[in-house]
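Here is the structure we will look at.
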Number of protein chains: 2
Amino acid sequence: MNFDDKVPIYYQIKNYLYHKIITGTLAPGAKLPSVRQLAIDVTANVNTVQRALAEMITEKIIISQRGKGNFVTEDIDSIKHLKKALVTKQLSLSYKQLHALNLTDDEILAELKDYMKNRSGEHE
Amino acid sequence: MNFDDKVPIYYQIKNYLYHKIITGTLAPGAKLPSVRQLAIDVTANVNTVQRALAEMITEKIIISQRGKGNFVTEDIDSIKHLKKALVTKQLSLSYKQLHALNLTDDEILAELKDYMKNRSGEHE
DNA sequence: TATAGTGTACTAATGAACTATAACAATAGA
DNA sequence: TCTATTGTTATAGTTCATTAGTACACTATA
């Protein structure tokens with residue numbers, strides 16, 4: 001996995017799993033790969049994976065069953081809330097950054113549209 | 001200074017100074033506070049500040065003169081480029097994140113407008 | 001010339017994240 | 001019951017960011 005060396009790996013693994021859950025790649029109630037397999041998948045250590053999972057278990061996004069495996073919560077509401085929280089957090093972060101660079105709301109919107117436009121040619 | 005404990009302090013100091021330079025709070029050619037004063041300002045160690053500055057000196061955004069002080073470059077073009085780079089990087093980052101959460105371009109724009117609208121009531 | 005203020009460099013110590021490795025606990029199935 | 005698979009926990013060692021403290025190099029000025 002491609003890690004940003006400015007952010008803790010366990011934190012990036014958490015986000016990686018968040019995205020899988022929110023997009024439905026990991027459906028509600030679905031079983032996650034074993035911690036050992038996950039460690040291989042993301043090229044990290046079991047302990048590091050476990051640290052990410054531990055936090056998600058505390059948040060009740062993941063339910064852990066010793067001997068069986070880790071499972072995505074079946075509480076669809078909490079997944080929806082998670083998505084909303086992530087979206088808002090991201091928007092807030094970008095907005096603050098761009099605003100701090102002296103861009104007005106309109107300029108931010110214009111820049112974003114421009115970015116999307118230029119990007120539409122280069123779908124990978 | 002309010003640091004995000006998920007990102008190295010020296011990196012956040014760099015961004016802090018980038019913003020001052022781009023918004024003109026630190027004008028082209030202006031003298032920066034001394035490293036010791038900066039350390040006090042941002043509540044960090046001199047070495048940490050120096051590490052941030054060292055990178056900016058390498059990038060030629062800051063010109064260092066031993067015994068005199070550190071100065072913002074007078075090359076306005078490179079400041080403009082810096083701003084453009086920061087804006088694009090931020091947009092790219094958010095876009096990828098939100099896109100990965102399965103939001104379409106239109107939804108991203110809608111969410112952003114919504115965010116700005118809700119925010120316009122609570123100017124701090 | 002002496003002194004204060006500037007950037008720069010170095011050492012040593014601390015703490016956090018990460019890794020390799022191993023062991024333990026619970027479950028499922030042959 | 002034995003074995004494989006799962007989650008969980010622990011130890012020890014490495015690397016890196018950060019800090020405190022000290023010292024050195026250069027500049028301006030009284």
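To find a chain, count down the sequence lines: A is the first, B the second, and so on, and within it residues start at 1.
- Taking 4.0 Å as the cutoff to heavy atoms of chain A, we find the contact window on DNA chain D bounded by D:dT6 to D:dA10.
- Legend: salt bridge (charged side-chain N to carboxylate O under 4.0 Å, His left out) pairs involving residues 58-67 of chain B, not counting sequence neighbours, sorted by first then second residue: B:K14-B:E59.
- Using a 4.0 Å cut-off, some side-chain N or O of A:T48 falls inside it from OP1 or OP2 of C:dT19.
- Counting heavy atoms from C-beta on, the side chains of B:L103 and A:K83 come closer than 4.5 Å.
- Considering only residues two or more places apart in sequence or on other chains, B:H81 meets the ring-ring contact (aromatic ring centres under 6.0 Å, His included) condition with none of them.
- Atom CG in A:L38 sits roughly 16 Å away from atom P in C:dC18 (whole-Å rounding).
- Counting heavy atoms from C-beta outward, A:M116 and A:L112 have side chains that approach closer than 4.5 Å.
- Contacts between residues 1-17 of chain B and DNA chain D, counted as heavy-atom distances below 4.0 Å, involve B:P8, B:I9, B:Y10.
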Strictly under 3.5 Å: I want the nitrogen or oxygen pairs between protein and nucleotides 7-10 of chain C, one per line.
unit_1, atom_1, unit_2, atom_2, d
C:dG7, OP1, B:N70, ND2, 3.2
C:dG7, OP2, B:V35, N, 2.8
C:dG7, O3', B:S64, OG, 2.7
C:dG7, N7, B:R36, NH1, 3.0
C:dG7, O6, B:R36, NH2, 2.9
C:dG7, N2, B:R66, NH2, 3.1
C:dT8, OP1, B:S64, OG, 2.7
C:dT8, OP2, B:Q50, NE2, 2.6
C:dT8, O4, B:R36, NH2, 3.4
C:dC10, N4, B:N47, OD1, 2.9

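- With sequence neighbours excluded, the residues satisfying side chain to side chain contact (heavy atoms under 4.5 Å, CB included) with B:T88 are B:K84.
- When side chains are defined from C-beta on, B:I9 counts as touching B:I13, because their heavy atoms get closer than 4.5 Å.
- A search for ring-ring contact (aromatic ring centres under 6.0 Å, His included) contacts involving B:Y18 returns nothing, not counting sequence neighbours.
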Report, one line per pair, each donor and acceptor closer than 3.5 Å where one atom sits in a side chain of residues 19-29 of chain B; sequence neighbours left out.
unit_1, atom_1, unit_2, atom_2, d
B:H19, ND1, B:N15, O, 2.7
B:T23, OG1, B:H19, O, 2.8
B:T23, OG1, B:K20, O, 3.4
B:T23, OG1, B:T25, OG1, 3.1

Can you give the dot-bracket line for DNA chain C, where a pair is Watson-Crick or G-U wobble with both atom distances under 3.5 Å, crossing pairs use [ ], and | marks a partner on another strand?
||||||||||||||||||||||||||||||
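- Between A:I79 and A:V72, the closest side-chain pair of non-hydrogen atoms falls below 4.5 Å.
- Taking the ring-ring contact (aromatic ring centres under 6.0 Å, His included) definition, one finds that B:Y115 meets it with A:Y95, sequence neighbours left out.
- The minimum heavy-atom distance between B:Q12 and B:M1, with the atom names listed, is O-CE, 4.0 Å.
- For residues 69-79 of chain A, every residue pair satisfying the side chain to side chain donor-acceptor pair (under 3.5 Å) rule, not counting sequence neighbours, is listed here: A:S64-A:N70.
- Residue pairs satisfying the salt bridge (charged side-chain N to carboxylate O under 4.0 Å, His left out) criterion with at least one member in residues 105-117 of chain B, sequence neighbours excluded, are absent.
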